[in-house]
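One structure below.
Just so you know, residue 1 is the first one in the sequence shown, and it goes up from there. None of the values given here were measured: they were computed from a predicted structure. Atoms within each ligand, like the ligands themselves, are counted from 1 in listed order.
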Amino acid sequence: MSLLTDNTWAGTIFTGEWREGRGGTRSVLSPGSGDTLAEIGFADPQDVAEAAAGASRAQKEWAAALPSERAAVLRRAGILFQQHAEEIIDWVIREAGSIPAKAGIEAATAADECFEAAALPTHPHGQVLPSNVDHWSFSRRRPAGVVAVISPFNFPLVLSIRSVAPALALGNAVLLKPDPRTTVSGGVIIARIFEEAGLPAGVLQLLPGGADVGAALVEAPAVRIVSFTGSTPAGRKVGEAAARHLKRAHLELGGNNALIVLPGADLAKAASAGAFGSWLHQGQICMTTGRHLVHESLHDEYVALLAEKAAHLPVGDPATEQVALGPIIDSGQVERIDGIVQRTVAQGGTLSAGGTHEGLFYRPTVLSGLTTEMEAWSEEIFGPVAPVIPFSTVDEAVEIVGRSPYGLSVSILGDVGMAMTLADRIDSGKVHINEQTVADEANAPFGGFGDSGTGSRFGGAEANIEAFTETQWLTVRSEIADYPF
Ligand code: NAD
């Protein structure tokens, strides 16, 4: 079976069948080659309203399906992700500009997410509550109804499927809106997989488009939960709109993640961890290492090692060359990255490596001699830039880490005892000791605090059941109760 090569999906949206959207069509461009990869269909707000109504109808039957039937669809989807891994990886490389290793992580994680989700339909969905009243009292979880999933361009497949799979498994219908730049990897692939896995028509619908389609999804009356992954400014708008309509919104937003190198740490290994954390997928990951805090005894050598790596790492089109870094997603992002780097240098920062680009290919960059007020240190850059500053005491490191409004991921490299003591003092959704900041596993709680979002909404049965179901209090008596009037 071909997943995408028969092109039945080209130029269309998916509402249970592949059909024309009212938003016209758009070209999907490869950031690496500039080639047009495909035409995709766009939805408009009227498509969204119709899809939400249809999803609401389809959801009732899906929620009533046997748990074993829902689990079987999720298992088949997981197997299909494995069977089509090669085709999927090829798309993620060309559409998102990912190196093969990163694209491979996306395909494997997508399968894992489906297998994890396959256990949710038969997981306990409630509790028996002790009561002083003469009745049985239960707390039970029920599907929320229709869930909207809005996802970004950087890890398009994973950041869509990690909401889609558990929401479906728990008996919801899902309306999926990927980023317009990565509609195939973040949407078409998932819709095709679930179509082949036998998910009933209408339960998963794909509504490609821009912010207007996302906003229409948040407004649609049938949508009860919004699972949004993207930037902090867009997340704020989604959160505000959801609150106006009294809907729950799970917001997974930006980060400016610190990596702390403790005194006595193995410098070569620390520099390798720091390089990977900052430059994997060109630094376009919410968990990217955005701030390197290095003990003053190691700082100069650390900067030199990082700069040496930066000078030698190959940058190019991962679809045709063996490279460590691919392209930035588009020219707007390149301008933003370069603007931050150049302004930071103008403010007195030192460019220890990189800071140049050819088209969308930005060289891995190291900035040192910074103050914590400089833009490259205080802002999320979302590019391959490693800003480094020294610290002298652990108290100072804790204070600097805590100054950021974000709280997604922190990495501590070096002595485990010292690192654990530090971890106890750091508010962050994730702390990784002796690993860099980028890590995600299907069964581990994932989420950030503060400007990084509304907390752990992914990973593990508890988090997913909390995220994608509503609680119902149910009481039962053997016969109608007596009342005083
Ligand atoms: P973005 O916020 O511009 O777009 C994300 C998605 O939201 C896209 O599908 C977009 O079309 C949609 N959107 C934009 N405005 C909207 C609105 N007003 N209403 C509804 N939908 C809207 O983000 P981006 O630039 O594509 O992605 C990069 C950002 O995402 C970074 O800040 C990164 O840190 C963050 N991110 C966070 C996580 C996480 O799990 N915390 C993961 C990956 C990326």
Side-chain angles (χ1 to χ4, degrees), residues 23 26 31 40 42-43 45 48 96 102 106 109 148-163 175-183 185-187 206-220 223 226-242 244-245 247 249-257 280-290 328-330 332-334 336-337 379-383 404-409 428-430 437-440 444-459 463 467:
R26 298 283 192 289
I40 45 142
F42 258 30
V48 171
K102 181 266 189 185
E106 292 224 47
T109 306
V149 175
I150 302 172
S151 59
F153 72 83
N154 59 325
F155 254 81
L157 177 54
V158 169
L159 298 176
S160 295
I161 193 71
R162 76 176 178 181
S163 294
L175 302 177
L176 171 61
K177 193 208 84 66
D179 188 282
R181 291 163 289 187
T182 48
T183 298
S185 308
L206 174 65
L207 302 164
D212 59 328
V213 175
L217 278 166
V218 182
E219 304 274 331
V223 169
V226 181
S227 184
F228 174 89
T229 307
S231 63
T232 302
R236 258 185 233 289
K237 286 189 194 152
V238 168
E240 283 166 11
R244 244 191 338 270
H245 294 280
K247 297 178 184 186
H250 307 315
L251 306 173
E252 290 299 340
L253 311 177
N256 192 7
N257 312 288
L280 176 65
H281 198 47
Q282 300 79 262
Q284 303 171 110
I285 306 177
C286 55
M287 301 169 277
T288 286
T289 304
I328 302 298
I329 193 72
D330 61 23
Q333 285 289 113
V334 171
R336 183 170 182 278
I337 295 163
E379 295 288 317
E380 179 188 47
I381 302 174
F382 227 58
S404 170
Y406 295 108
L408 184 56
S409 185
S428 172
K430 314 188 304 140
T437 50
V438 181
D440 185 14
F446 186 101
F449 306 143
D451 283 3
S452 294
T454 49
S456 289
R457 296 297 177 195
F458 304 105

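With hydrogens and angles left out, the side-chain atoms of T437 and S409 include no donor and acceptor closer than 3.5 Å.
Of the candidates G214, A148, C286, C286 brings a heavy atom nearest to atom 38 (C) of ligand 1. Taking only non-hydrogen atoms, the option from A216, P152, G255 nearest to atom 27 (O) of ligand 1 is P152. Distances from atom 13 (N) of ligand 1 to the heavy atoms of A211, P178, G186 show the closest one on A211.
Look at V218 and you'll find every heavy atom at least 4.0 Å from all atoms of ligand 1. Heavy-atom distances between R162 and ligand 1 reach below 4.0 Å in at least one pair. In this structure, Q333 has no heavy atom closer than 4.0 Å to ligand 1. Using a 4.0 Å cutoff on heavy atoms, F155 does not count as a contact of ligand 1. At least one heavy atom of F228 lies less than 4.0 angstrom from ligand 1. Ligand 1 has at least one atom lying under 4.0 Å from a heavy atom of A215. Look at S151 and you'll find a heavy atom under 4.0 Å from some atom of ligand 1.
For ligand 1, the polar-atom distance check against E380 finds a nitrogen or oxygen pair separated by under 3.5 Å. In terms of polar-atom proximity, defined here as any N/O pair under 3.5 Å, L253 does make such a contact with ligand 1. Remark: ligand 1 and S452 share no N or O pair separated by less than 3.5 Å (distance only, no angle test). The shortest N or O to N or O distance between S231 and ligand 1 is below 3.5 Å.
A cation-pi arrangement is present between K102 and F155 under the rule of less than 6.0 angstrom and at most 45 degrees off the ring axis.
Side chains of F382 and I328 form no contact here, defined as non-hydrogen atoms less than 4.5 Å apart. Side-chain contact between S404 and N257 is absent, with no heavy-atom pair separated by less than 4.5 Å.
The contact set between ligand 1 and G254, taken as ligand atoms under 4.0 Å from a residue heavy atom, comprises 32 (O), 34 (O). Atoms of ligand 1 lying under 4.0 Å from at least one heavy atom of K177, given by number and element, are 8 (C), 9 (O), 10 (C), 11 (O). Contact atoms of ligand 1 toward E252: 37 (C), 38 (C), 39 (C), 40 (O), 41 (N) (distance under 4.0 Å to a heavy atom of the residue).
At a 4.0 Å heavy-atom cut-off, ligand 1 does not touch L217 at all. Counting heavy atoms closer than 4.0 Å to ligand 1, residue H250 contributes nothing at all. Here I150 has side-chain heavy atoms under 4.0 Å from ligand 1, and that is the only part of it that gets that close. Looking at T229 against ligand 1, both its backbone and its side chain come within 4.0 Å, counting heavy atoms.
Taken to the nearest 0.5 Å, the CD atom of E380 stands 6.5 Å off from the OG1 atom of T232.
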